[in-house]
Amino acid sequence: MKKPPLGQNYLINEDIAREIIFQAGISNDQHVLEIGPGKGILTALLLKKAKSLTAIEIDSGLCLALTDSFKAYENFHLIQTDALKYNYNALENQCQVVSNLPYYAATHILKRLIHYREYFTNITVMLQKEVVDRLVAIPGTRDYGSLSVFIQFYCEVERLIEVSKEAFSPKPKIDSSVIKLTPLTTSRVKVDNLKTFFAVVNASFLHKRKMLKNNLTEWGNLFQNQNGTIKLAGINLNRRGETLSIEDFAILSNYIHSCDD
Ligand code: SAM
């Protein structure tokens with residue numbers, strides 16, 4: 001089957017829609033942001049629960065239908081635009097995000113939301129199961145990688161619901177999962193320079209099967225040979241990136257940054 005344009009696999013199971021809203025924990029003093037309302041299955045439920053709902057939808061045909069369906073709701077604000085380009089600092093209030101994200105852009109939209117995280121109390125989104133496996137992965141597991149470190153550096157992550165592909169129309173090839181991200185108000189670890197931190201993280205996972213000494217060659221001049229073992233900031237570089245915790249990446253990058261001074 002041809003992929004639906006713009007990731008338009010609509011949720012058709014009302015029970016799952018209600019469960020998502022329940023798990024998101026919407027209260028009537030909360031402003032909510034929905035990305036990709038589609039035909040409005042979540043929108044209809046959110047409008048009854050939230051103080052206000054701002055929805056961002058790219059498809060002009062869907063926007064016309066949504067405007068008509070929800071014209072009775074004064075607390076509904078629809079913005080026809082691309083969620084990948086929208087400047088979320090234009091939002092009038094801090095929001096909770098609740099969305100069933102389009103697969104093709106889910107990771108990019110999520111990264112953009114994290115960039116604007118101060119505008120969100122929490123972010124409950126449905127996306128591909130495989131992506132959620134990576135978002136929640138812990139060190140030493142197959143799915144742990146730079147995306148896991150990025151998300152967990154900025155947010156508390158909680159996996160909420162598994163959703164079968166049968167719950168959508170048209171039916172996608174893969175299952176979905178719902179995850180709740182709560183932006184951290186204080187950092188998990190002390191990082192002296194974010195650019196260096198993420199450069200080290202990305203380099204460490206560049207070739208997943210390679211040892212750190214082969215992935216971190218950019219900083220090879222800082223390697224230390226201690227009794228035949230190559231180390232950097234006390235970390236054994238015979239290890240692979242997937243065994244390092246966020247704290248370990250902070251130790252490495254803070255050391256590298258201190259050598260730049
Ligand atoms: N929320 C609906 C549901 O649960 O049935 C629809 C979800 S569907 C997976 C994704 C929705 O995102 C579609 O309505 C699609 O038109 C919209 N969409 C796709 N790309 C978008 C983008 N870049 N910006 C905003 N909306 C987008």
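Counting convention: from 1, in listed order, for ligands and their atoms alike.
Listed by number with element, the atoms of ligand 1 under 4.0 Å from a non-hydrogen atom of Tyr10 are 5 (O), 6 (C). Near Leu62, the atoms of ligand 1 lying under 4.0 angstrom from a non-hydrogen atom of the residue are 14 (O), 16 (O). Close contacts of ligand 1 with Asp82, meaning ligand atoms under 4.0 Å from a residue heavy atom, involve 22 (C), 23 (N), 24 (N). Taking a cut-off of under 4.0 Å to the non-hydrogen atoms of Ala83, the atoms of ligand 1 that pass are 22 (C), 23 (N), 24 (N), 25 (C). The ligand atoms of ligand 1 that sit less than 4.0 angstrom from a heavy atom of Gly7 are 8 (S), 9 (C), 10 (C). Ligand 1 places these atoms under 4.0 Å from at least one heavy atom of Gln8: 13 (C), 15 (C), 16 (O).
Atom CD of Glu92 sits in a sparse spot, with 12 or fewer heavy atoms from other residues, nucleotides or ligands closer than 6.0 Å.
When heavy-atom distances to ligand 1 are checked against a 4.0 Å cut-off, Glu34 comes that close only through its side chain, counted from C-beta outward. In Tyr104, the part holding a heavy atom less than 4.0 Å from any atom of ligand 1 is the side chain. Residue-level proximity to ligand 1 for Thr81 is carried by the backbone, the only part with a heavy atom below 4.0 angstrom. With a 4.0 Å heavy-atom cut-off, ligand 1 is reached by no atom of Ala105.
Atom 19 (C) of ligand 1 has its closest protein heavy atom at Leu6 O, 3.1 Å. What sits closest to atom 4 (O) of ligand 1 on the protein, heavy atoms only, is Asn100 ND2, 2.8 Å. Among all protein heavy atoms, the one lying closest to atom 26 (N) of ligand 1 is Ile58 N, 3.4 Å. Taking atom 16 (O) of ligand 1 as the reference point, the nearest protein heavy-atom neighbour is Glu57 OE2, 2.6 Å.
A side-chain donor-acceptor contact under 3.5 Å links Thr43 and Glu34.
Checked by distance only, ligand 1 and Ile41 stay at 3.5 Å or farther apart across all their nitrogen or oxygen atoms. Distances between N or O atoms of Ile109 and those of ligand 1 include no value under 3.5 Å. Every N/O-N/O distance between Asp59 and ligand 1 stays at or above 3.5 Å. Taking only nitrogen or oxygen atoms, main chain and side chain alike, Leu11 reaches within less than 3.5 Å of ligand 1. Between Lys39 and ligand 1, not a single N/O pair is under 3.5 Å apart.
Residues passing the salt bridge (charged side-chain N to carboxylate O under 4.0 Å, His left out) test with Lys129, sequence neighbours excluded: Asp133.
Ring-plane geometry between Tyr119 and Tyr116 is classed as tilted, the angle between the planes lying from 30 to 60 degrees on a 0 to 90 degree scale. Using bins of under 30°, 30° to 60° and over 60° for the plane-to-plane angle, the ring pair Phe205/Phe249 lands in the tilted bin.
Tested against Thr124, the residues Thr182, Val178, Val97, Ile179 include a single side chain to side chain contact (heavy atoms under 4.5 Å, CB included) partner, Val178. Partner of Phe197 under the ring-ring contact (aromatic ring centres under 6.0 Å, His included) criterion, chosen from Phe153, Tyr154, Phe150: Phe153.
In the hydrophobic clustering of this structure, Ile161 does not group with Leu135; members are Ile, Leu, Val, Met, Phe, Trp, Tyr whose side-chain heavy atoms approach within less than 4.5 Å, directly or through other members.
Residues Lys213 and Phe223 have side chains in contact (heavy-atom distance under 4.5 Å, counting atoms from C-beta outward).
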Return all side-chain donor-acceptor pairs below 3.5 angstrom for residues 99-109, not counting sequence neighbours, or 'none' if the list is empty.
{"unit_1": "Ser99", "atom_1": "OG", "unit_2": "Ile35", "atom_2": "N", "d": "2.8"}
{"unit_1": "Tyr103", "atom_1": "OH", "unit_2": "Ser176", "atom_2": "OG", "d": "2.6"}

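The two residues Ala50 and Gln30 come nearest to each other via the heavy atoms CB-O, 3.5 Å.
Distances from atom 1 (N) of ligand 1 to the heavy atoms of Gly38, Cys63, Gly36 put Gly36 nearest. Among Pro37, Ala55, Ala167, the residue whose heavy atom lies nearest to atom 2 (C) of ligand 1 is Pro37.
The residues Glu130 and Arg134 are annotated as not salt-bridged, no charged nitrogen and carboxylate oxygen being separated by less than 4.0 angstrom. Taking 4.0 Å as the cut-off between side-chain N and carboxylate O, Glu162 and Arg159 count as a salt-bridged pair.
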